[in-house]
Amino acid sequence: MEKKIALQMKNVSKRFPGTLAVDGVDFEVREGEVHALMGENGAGKSTLMKILAGLFNDYTGEIYIDGNLCRLHTPMLAKEHGVGMIYQELSVARRISIVENLLVGRLPKKNGLFYDKKEAIRQAKELLERVGLGYLDPNKPISEISQCEAQLVEIAKVLGTNPKIIVMDEPTSALSSEEVQRLFKIIRNLKEQNLAIVYISHHLAEIFEIADTITVMRDGKKIKTYPVSETTNEQLIHDMVGKSVKEFYADRESHIGETMMEVKDFTRWGFFHHVSFELHRGEVLAICGLAGAGRTEIARSIIGVDPLDAGTIVKDGREGTYKDMTMAIKNGIGYLTEDRKVMGLALTQSVADNILVSIIDKLSRGGLYNPKNHGKIVEEKIEELEIYPPQPNRLVNALSGGNQQKVLMAKWLATDADVLILDEPTRGVDIGAKQTIHKAVLEYAKRGNGVILLSSDLPEVVGLADRAIILREGYITGEISGEEITESSLLMAANGEGKHVS
Amino acid sequence: MTKVNENTTAAKSDSRKTEINKALVFFDKAGVWILVVCLMAIGFIINPSDYFSVGNIRSILQAISLTGMCCAGLAYIVYSSNMNDMSLPMTIAISGMVSIQLVPFGIVVCIFGGLLTGTLVGIINGFMIGKLRANPIIWTLAFNMVLSGIARVAWGGSQIYPDVVAGGNEAALATAETFNQLARTYFFGGSVSLMMVVMVVMFIISYFIMTHTKFGNQLKIVGTNYETARLSGLNVVRIITLSYIICSFCASVCGLFYASMRKIGSYDNGMGYDFSCLTAVLLGGMTLLGGKGSMVGVFGGVLAVGMLNNVMTLIGISTFNQYLVTGIVFLLIVWLNTKSARKLGRA
Amino acid sequence: MMKKKKFNISLINTYRSYIFLLIVLIFGAFSDNFFTMFNIKSLLSSTSLYTFIGIGFTVCMIAGHMDLSVGYMATAGALVVLGMHTLTGLPWAVSILIAVAVGAVVGILNGLLVTKAKIHSFIATLGMQYVIRGGMYIYCEGKEISVKGDYGLTDKLSSVPIKFLPFNVLFIITLICVIGFSIMLAYTRFGRNIYMLGGNLETAWLAGINSDRATIIVFMLSSMSCALGGALFGIFQGTATPTLGEKGIAPLMIAMTATIIGGTDIAGGKGKVLDTFISITAIVAMFSVVTSLLGKFEYQILLIGFVLALCVFYETLLKYIKQKEIGMRPNLIIKYHEETGK
């Protein structure tokens, strides 16, 4: 039985100043279907969905919902037509209470003028119940709940608008695997209610688990649509990248040398307790764990940005802690942050400025410093990391996501630190850039440096790491090394199961 | 292999490029200097015989020199994305008052004391905003009130005069006279005043600091993104504190000349400088987001304000009515600034 | 036990404007003529102008914006209402309406500059400050405008309708406005949307709130409130000068200070008009107490500066300390207590 078409987009295009982000795309979603939209970063899938959510008023082409031609020029209009969108970046107001966040724009009215607080709380509780957050007090502000919970609140918010079409743009980026399963249960439930769901994700495993149909986009154009049963991992990657990827992670030989850094009994109460590990020369050490296990917190405490209650670092014959990032860099430690837009890059400055920022101290002579004299370093790094377009004076803002991430990587490679902590070095990056960054990481390790890798991208860990320590709820619970690192062993261990957990 | 692929996709996206408005690029580069040139032309048309005379140019420069000194410092605050230093008026006032109070101890102590007071204000502001991350507007506003209160209580709410402070003491009277002459020193037969020289030198030094020193280049990153700067190993506390110290130092230099010019130390000496200086800095192309603009632009902004007033006076618009024109020109320029920055991806 | 202590501190912080008022009143008891009917009446009526400006400033700040033009807007309101009545000869009601309409126009202009031209509100209203000031000088030609002979409404505003209560009509109108704005902010959909605008503009927009229109209305309300306040003040005083907003401590500064002491978050999304009103009352009362106890005007500004600095310092310090605790996991804190025996 063919199901009814819920959404049909015909020849839709959207132009940004400088680029044509979506180029004449036809796209269909049927009722009761989970339709995965895939593609590299910058392929135009988020833009296409933002058109659907009414964020742009200057797209061209036709959009039919339930067979009727619609003009989706504001978020309001999109909502009226039953489109609900869960955004990649959280769109919650942190100082405002959960209730008002859940019911934003549609607070229940009473007596025509006033808003009905009781009714609002009742509705909010119901919605929270649906995503398994029934224990939360809806009067709390969002700033007092965790990131995972906020993400679920965001999903509940969209469910509350009773949409006919739900778009989820990377909804699982902040969720642990248990919560992902809970989300999938909700999605299956919605499917049974004959809702149309568009699901954007970079996780192939998730796609194969939940999706019915897959559409692949590349360079703003639609490439192909096929049922999930008729495709494979390789086929999908081939269509996304436009070239075949036989072996994404090449074999490599590692030369592990002597211990270069030791973290002893690291404790920050309430975040992680008694964490100890060693890092050897030429080694890529992964710290694995579910979201919220305390990976980023450990990294931030190592470099001295966050406080530390106990513990020391032994490196280069010196035992102690670092009071800030300046001191960490002096001691040869670099930290690539997880969020390049908020903490990693100065977006409105040039590539050169961004690459040189951490070494201004080193390059300056008696307080004098002129960035123009150090163009050589910048050019070197641009070439090494294949940053495109290779213009040192281009603003980072004007680069694609992948190239921005390369600039961030270049900045840390330029510091000549011998230990790099990489926090999600390839999050939300297209496959080409991912490859370049991985190559750079392995090169770097090969030169006898140490890398600490914090990543939730399991294939990345499997492909890069020599050794992985497992972090669970703030404690180190196990260690896996060498060939035994596989996606399944990592997942088992992170969830507290399997033979690697002590 | 990868590289080839990268380049081809990127080349494709290049072919998808659309036209960028050339006028906006031009405006982004030239900024307020367009206005300066326009004002020059208008001035020349209105008054072709006198406009470019030494006298008129001197009067323009003389009128902007006090604001200019403050702006050379305030630019650091705006550049570091801390919006505005609302304690400017009292920094100007109190440094002038302290230096007048120190007149009996000789001119060196007197100037040094005034500058030190201003620097002290900067250190406190820098600690609160750089170290504790207080909201810059609110804190400097509060601190301005505290300073104002201290100044009023300490001097009993009255104004002080250099010659009165000096009393009957001969040497002190001579110092008071020297102090009063600070703002009245001219070179080259009266065509250049000390105030102008100080202002221009301050701008040149500021330009040099912004572009050719470690501090200036680090400040650029701090202004663009504080977190990024912190996580890139920059000593953000020191950088922000230093920018406040520079700002307050510049304000206290202005305060000295202000007091010397009026021959009065009073708590309303710098009144209105908080917003009028910000106006000039913003006119010069800096934005409240920080990390954008240059000292050349700020100097242009200061110059534009002075020339605008000069031209309006030449046309015969009264002082009070000049506010309206200033306001409209200001909004127009800021709007164009914002627009060009947004269209070119810089905001 | 630790938790209980913290709870109290946050309670003090929540009600700090009331505590401030209480402290001022306690000191007032030491002054001979503070608690006299006459003094309280004149005190309360002198809060009027500041309160109207404070309402405008607070509403804007809740929506995440700063309106620096409020002070001059009030002055303009006073000038327009007196000008319309005395110079043009219109009846009071029409004059007041015109003044408020001028406020509305300025507010809409502010809103358009912020939403359509996308200029930061701090800058846009700073520019508007100059425009209003210039327009004002052109209108009154730099001279004072006063009521000529027709003191009927002035007397009515200062009359006391309810015996035994020191409330004159001006203060009652002020109070009604405060209550009206409080109800609007707390209990209507539009009011809640204002908080959402300040909390996260994007969320509000994505949720289908017409954020541009709402922002423009917020600026309009702010300017209208100031214009009305200025108009009433002008009538009450019987005279208005273009330097009304410049003498002593500028009304803008008082409104700003009161808004912050009242606990409105400068980033928006949090705050109450009533708290602003209470802190304005406290500030005005403090001026009176200080003058009668210390006999000097100078101490007023010092004290208000200290109170404001204290509030800012406290808030900053709290944020600085709290920052270290954000994200603590409850299950690990239990472990902490187990391990350290605390």
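Throughout, protein chains are lettered first and strands after them, A, B, ... in sequence-line order, and every chain is numbered starting at 1.
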Between [options], which residue shows the highest count of heavy-atom pairs closer than 4.5 Å to chain B?
| options | answer |
| --- | --- |
| C:Ile304, C:Val312, C:Thr257 | C:Val312 |
| C:Leu310, C:Leu303, C:Val131 | C:Val131 |
| C:Ile119, C:Leu302, C:Ile132 | C:Leu302 |
| C:Glu315, C:Met256, C:Met128 | C:Met256 |

Considering all heavy atoms, the nearest B:Ser248-B:Asp85 contact: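 Looking at all heavy atoms of both residues, the shortest contact is OG-OD2, 4.3 Å.
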
query: Which heavy atom in C:Gly135 sits nearest to a heavy atom in B:Leu324, and how many Å separate them?
result: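 What the structure gives for the nearest pair is N-CD1, 3.9 Å.
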
task: Anything under 30° is parallel, anything over 60° is perpendicular, the rest tilted; go ahead and classify C:Tyr137 against B:Tyr323.
output: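 Answer is parallel, since the angle falls under 30°.
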
query: Which class fits the ring pair C:His120 and C:Phe122: parallel under 30°, tilted 30 to 60°, perpendicular over 60°?
result: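 Perpendicular: the ring planes of C:His120 and C:Phe122 meet at over 60°.
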
Between [X] and chain B, which part of the residue has a heavy atom less than 4.5 Å away: side chain, backbone, both or neither?
| X | result |
| --- | --- |
| C:Ile266 | side chain |
| C:Gln300 | neither |
| C:Ile260 | side chain |
| C:Leu317 | side chain |
| C:Tyr320 | side chain |
| C:Leu113 | side chain |

Without swapping roles, check the side chain of [X] against the backbone of [Y] for a donor-acceptor pair under 3.5 Å.
| X | Y | result |
| --- | --- | --- |
| C:Thr75 | C:Gly71 | yes |
| B:Ser95 | B:Thr91 | yes |
| C:Tyr72 | C:Pro242 | no |
| C:Thr239 | C:Ser146 | no |
| C:Tyr50 | C:Ile254 | no |
| B:Ser294 | B:Gly297 | yes |

message: Restricting to salt bridge (Lys or Arg N to Asp or Glu O under 4.0 Å), what partner residues turn up for C:Lys118, sequence neighbours left out?
response: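 For C:Lys118 there are no salt bridge (Lys or Arg N to Asp or Glu O under 4.0 Å) partners, ignoring immediate neighbours.
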
Chain C contacts, top residue of B:Tyr267, B:Phe143, B:Phe330 (heavy-atom pairs, under 4.5 Å):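 Of the candidates given, the most pairs with chain C belong to B:Phe330.
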
task: Flag the one option from B:Thr326, B:Val153, B:Val334 with the top tally of heavy-atom pairs under 4.5 Å to chain C.
output: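 With the most close heavy-atom pairs to chain C, the winner is B:Val153.
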
Side chains of [X] and [Y], heavy atoms from C-beta outward: is any pair under 4.5 Å?
| X | Y | value |
| --- | --- | --- |
| C:Ser121 | C:Phe219 | yes |
| B:Cys247 | B:Leu88 | yes |
| B:Ile77 | B:Asn84 | no |

message: Counting only non-hydrogen atoms closer than 4.5 Å, does B:Asn144 touch chain C with its backbone (N, CA, C, O), its side chain (CB onward), both, or neither?
response: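 For B:Asn144, neither part sits under 4.5 Å from chain C.
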
query: Within residues 54-68 of chain C, which positions have a heavy-atom distance to chain B below 4.5 Å?
result: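 Within residues 54-68 of chain C, the residues under 4.5 Å from chain B are C:Met66, C:Leu68.
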
Residues in residues 124-138 of chain B that sit under 4.5 Å from chain C, counting heavy atoms only: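 The residues closer than 4.5 Å to chain C, in numerical order, are B:Met128, B:Lys131, B:Leu132, B:Arg133, B:Ala134, B:Asn135, B:Ile137, B:Ile138.
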
query: More than 12 foreign heavy atoms under 6.0 Å from CD of C:Glu202: is that the case here?
result: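 Open.
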
What side-chain donor-acceptor pairs closer than 3.5 Å can you find for residues 273-283 of chain B, not counting sequence neighbours?
from	atom 1	to	atom 2	distance (Å)
B:Ser276	OG	B:Gly272	O	3.1
B:Thr279	OG1	B:Phe275	O	2.6
B:Thr279	OG1	C:Tyr130	OH	3.1

